[in-house]
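Order of the sequence lines fixes the chain letters, A, B, ..., with proteins taken first and strands second; residue numbering starts at 1 for each chain. The structure displayed is predicted, hence computed values, not measured ones.
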Amino acid sequence: LAKTTQPISMDSYEGQEVNITCSHNNIATNDYITWYQQFPSQGPRFIIQGYKTKVTNEVASLFIPADRKSSTLSLPRVSLSDTAVYYCLVGDDYGQNFVFGPGTRLSVLP
Amino acid sequence: ETGVTQSPTHLIKTRGQQVTLRCSSQSGHNTVSWYQQALGQGPQFIFQYYREEENGRGNFPPRFSGLQFPNYSSELNVNALELDDSALYLCASSLVGSGGVTDTQYFGPGTRLTVL
């Protein structure tokens, strides 16, 4: 059963690139990694998902090293509206179990 | 907007009562997972329903039970409510393909349950 850890909080300034790392030392072969953004009193919003190497979409990149024991979410040029809690999720391919990290509270300052 | 809806939005119950929460999955999805999120913590996996059966379960006692209906909507039932059950309850829908692999989960807005 994968256990995930993340930094509790991070501060950044508008326009900077932000990298948030999640550690998942016990990740299993069938597990994939997903990142979500959550605002207060709302459900988590999907950002990006990957299994290995690098994945990029229109809002973020996800870097996963070969040993898959960690993953890094990269947000280019953050804005004030990116202030939120970011969660990594290690999920089993076959729906047997899903483990969220404790979340990283990102504060973007002007 | 993900297309996943939950009802009710808020609910207040007293200790010992029973509660039913509802979730409608996104169009085209066939699987629903439920999560409990206590204040200031990450969501914790309760269980997943696929083909109207429980497909996987986290570390929650049997008083947490669920149902999935032929239209893929789902219910979460919690019996004998305890004060620690106060939380945001989230459902997420996804598509399980022919190989049994679960695709990305998309979350609803949640139901805030308060147990007094």
Side-chain angles (χ1 to χ4, degrees), chain A residues 1-9 20 22-24 28-52 55 57-60 62 71 73 84-107, chain B residues 1-6 9-10 23 26 29-51 53-60 68 87-114:
Chain A
L1 187 64
K3 177 178 169 59
T4 56
T5 59
Q6 302 176 232
I8 294 174
S9 64
I20 306 174
C22 177
S23 295
H24 27 79
T29 305
N30 288 335
D31 289 345
Y32 55 90
I33 300 138
T34 312
W35 283 82
Y36 291 88
Q37 176 193 56
Q38 188 177 31
F39 298 108
S41 299
Q42 294 186 23
R45 188 175 80 163
F46 171 76
I47 302 173
I48 198 166
Q49 179 175 298
Y51 185 79
K52 59 182 178 180
V55 180
N57 62 22
E58 62 276 9
V59 298
L62 177 59
S71 59
L73 171 71
V85 180
Y86 291 82
Y87 291 98
C88 63
L89 168 66
V90 176
D92 178 279
D93 264 348
Y94 296 94
Q96 299 301 302
N97 200 14
F98 300 95
V99 180
F100 270 91
T104 298
R105 185 172 301 276
L106 173 65
S107 297
Chain B
E1 293 295 327
T2 62
V4 180
T5 61
Q6 293 186 241
T9 306
H10 297 88
C23 173
Q26 182 171 309
H29 286 179
N30 56 13
T31 301
V32 173
S33 302
W34 286 92
Y35 293 81
Q36 180 194 67
Q37 186 175 27
L39 201 60
Q41 298 183 22
Q44 290 195 37
F45 175 64
I46 303 175
F47 43 56
Q48 182 185 80
Y49 273 81
Y50 170 57
R51 291 183 174 175
E53 293 187 355
E54 188 177 291
N55 185 45
R57 189 179 184 96
N59 189 27
F60 280 82
Q68 186 182 32
L88 181 67
Y89 286 84
L90 298 161
C91 82
S93 75
S94 55
L95 177 65
V96 171
S98 56
V101 176
T102 302
D103 201 353
T104 304
Q105 296 182 72
Y106 293 91
F107 284 82
T111 293
R112 172 73 60 188
L113 172 66
T114 302

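Considering every non-hydrogen atom in both A:Gln42 and B:Leu88, the closest pair reads O-CD2, 4.2 Å. Scanning all heavy atoms of the two residues, the minimum distance from A:Pro44 to B:Leu90 falls at CD-CD1, 3.7 Å.
Annotation: ring-ring contact (aromatic ring centres under 6.0 Å, His included) contacts of B:Phe60 (sequence neighbours excluded): B:Phe64. For A:Tyr32, there are no ring-ring contact (aromatic ring centres under 6.0 Å, His included) partners, not counting sequence neighbours.
Only the side chain of B:Ser33 comes within contact range of chain A, judged by heavy atoms closer than 4.5 Å. Looking at B:Tyr35, only its side chain comes within 4.5 Å of chain A, counting heavy atoms on both sides. Of the atoms belonging to B:Gln37, it is side-chain heavy atoms, and not backbone ones, that fall under 4.5 Å from chain A. Contact of A:Gln6 with chain B is not made at all, since no heavy-atom distance falls under 4.5 Å.
A distance of 10.5 Å separates CD1 in A:Ile48 from OG1 in B:Thr104, rounded to the nearest 0.5 Å.
Contacts with chain A were tallied for B:Gln105, B:Glu54, B:Gln41; B:Gln105 has the most, counting heavy-atom pairs under 4.5 Å. Contact count against chain A (heavy-atom pairs under 4.5 Å) is highest for B:Pro109 among B:Pro109, B:Gly110, B:Gly58. Put simply, of B:Ser94, B:Gly108, B:Pro43, B:Cys91, the one with the most heavy-atom pairs under 4.5 Å next to chain A is B:Pro43.
Within a 6.0 Å radius of CZ in A:Arg105, other residues, nucleotides and ligands contribute 12 heavy atoms or fewer.
When side chains are defined from C-beta on, A:Phe98 counts as touching B:Gln48, because their heavy atoms get closer than 4.5 Å.
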